[in-house]
Amino acid sequence: MNDSDEGAGQAAPSRRKDARRNQKTLLDAAAEVFVTSGVDAPVRDIAAKAGVGLGTIYRHFPTRADLIIGVYRHQVDACADAGPALLATSPSPHSALGHWINLFVDFLVTKHGLAAVLQADNTGFEALHAYFLDRLLPVCTEMLEAAAVAGEIRPDTDAYQLMRGVGNLCIGAESDPRYDARCMAELLVAGLRRPHH
């Protein structure tokens with residue numbers, strides 16, 4: 001893709017695109033720092049990883065709660081966007097679903113820290129939880145429907161039940177090195193398959 005020629009006469013849209021790209025870089029960096037160092041990590045570590053000044057972070061996210069919410073929504077969006085992309089590129093809908101559930105598990109296991117912080121402010125957490133369901137349920141539904149249409153899984157699998165079940169499999173996974181939630185989620189996804197006659 002070559003977008004060097006689209007800048008002519010489009011200063012405002014490309015500036016907006018730059019701002020969005022900068023925010024994405026910032027949120028990717030914050031997510032990585034939160035996962036490795038926890039949500040109380042110094043903001044200067046995030047700034048250093050993103051290659052921006054502290055002022056830039058505070059301009060976008062005046063408080064740590066704003067930054068945590070920003071990261072959470074960003075990660076939910078990435079998980080939601082991955083669904084259609086996987087359906088388009090995977091050998092089958094069932095294998096796309098398997099990959100997507102792996103991403104979902106990674107999200108849940110690394111984001112539990114975020115969720116715990118946000119539960120202190122219940123209204124903020126409820127809004128985020130609603131966002132999480134609004135964005136991810138339709139994607140999971142679409143993937144299950146594609147796999148059912150392809151005859152790979154039973155047609156009555158409910159997306160909420162599946163996501164809730166995978167969520168339950170992830171509880172406590174980050175603090176128990178002997179337990180691999182991804183492995184259990186893979187078993188669950190394998191179990192959705194229709195037996196071949």
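For the single chain, residues carry numbers from 1 onward in sequence order. The figures here come from the full heavy-atom set of this structure, side chains too, leaving out hydrogens, waters and symmetry mates.
Between Ala185 and Val105, the closest heavy-atom pair is CB-CG2, 3.6 Å. Here the closest non-hydrogen pair linking Phe104 and Met163 is CE2-O, 3.7 Å. What you find for Val76 and Leu136 is that their closest heavy atoms are O-CD2, 3.7 Å.
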Just list the side-chain donor-acceptor pairs under 3.5 Å for residues 79-90, sequence neighbours left out, or say none.
unit_1, atom_1, unit_2, atom_2, d
Asp81, OD1, Arg135, NH2, 3.4
Thr89, OG1, Ala85, O, 2.9
Ser90, OG, Leu86, O, 2.8

Mind listing the side-chain donor-acceptor pairs of residues 26-38 below 3.5 Å, one per line with the distance, residues two or more places apart or on another chain?
unit_1, atom_1, unit_2, atom_2, d
Asp28, OD1, His74, NE2, 2.7
Asp28, OD2, Lys24, NZ, 2.8
Glu32, OE1, Lys49, NZ, 3.3
Thr36, OG1, Glu32, O, 3.0
Thr36, OG1, Val33, O, 3.3

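Within the structure, the salt bridge (charged side-chain N to carboxylate O under 4.0 Å, His left out) test picks out no pair touching residues 84-104 (sequence neighbours left out). Residue pairs satisfying the salt bridge (charged side-chain N to carboxylate O under 4.0 Å, His left out) criterion with at least one member in residues 56-70, sequence neighbours excluded, are absent.
Here CZ of Arg154 is found 13.5 Å from CZ of Arg193. Values are rounded to the nearest 0.5 Å. Distance check: Glu186 CD to His99 NE2 gives 9.5 Å after rounding to the nearest 0.5 Å. Arg21 CZ to Ser14 OG: the interatomic distance, rounded to the nearest 0.5 Å, is 9.0 Å.
In this structure Asp106 satisfies the salt bridge (Lys or Arg N to Asp or Glu O under 4.0 Å) test together with Arg182, sequence neighbours excluded. For His129, the ring-ring contact (aromatic ring centres under 6.0 Å, His included) partners are Phe132, not counting sequence neighbours. Pro42 meets the side-chain contact (heavy atoms from CB on, under 4.5 Å) test with Arg44, Asp45; sequence neighbours excluded. In terms of the salt bridge (Lys or Arg N to Asp or Glu O under 4.0 Å) criterion, Asp176 has no residue partners (sequence neighbours excluded). Every residue two or more places apart in sequence or in another chain that forms a side-chain contact (heavy atoms from CB on, under 4.5 Å) with Tyr160 is listed here: Leu133, Leu137, Asp158, Arg164. Evaluation of the side-chain contact (heavy atoms from CB on, under 4.5 Å) rule for Ala150 yields Pro93, Glu152 as partners, not counting sequence neighbours. Residues meeting the side chain to side chain donor-acceptor pair (under 3.5 Å) test with Tyr131, sequence neighbours left out: Asp77. For Leu188, the side-chain contact (heavy atoms from CB on, under 4.5 Å) partners two or more places apart in sequence, or in a different chain, are Leu162, Val166, Leu169.
Judged by distance alone, the side chain of His60 and the main-chain N or O of Leu67 form no donor-acceptor pair under 3.5 Å.
Counting heavy atoms from C-beta on, the side chains of Thr141 and Glu145 come closer than 4.5 Å. You'll find the side chain of Arg73 reaches within 4.5 Å of the side chain of Leu128, heavy atoms only.
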The test is side chain to side chain contact (heavy atoms under 4.5 Å, CB included); show your working for Leu192 and Leu97 and say whether it passes. CA-CA 10 Å; Leu192 291 174; Leu97 179 67; 3.8 Å; yes
Under the side chain to side chain contact (heavy atoms under 4.5 Å, CB included) criterion, do Val52 and Asn22 qualify, and how do the steps go? CA-CA 9 Å; Val52 299; Asn22 292 347; over 6 Å; no
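Transitive grouping of hydrophobic side chains (ILVMFWY, heavy atoms separated by less than 4.5 Å) keeps Trp100 and Val149 in distinct clusters.
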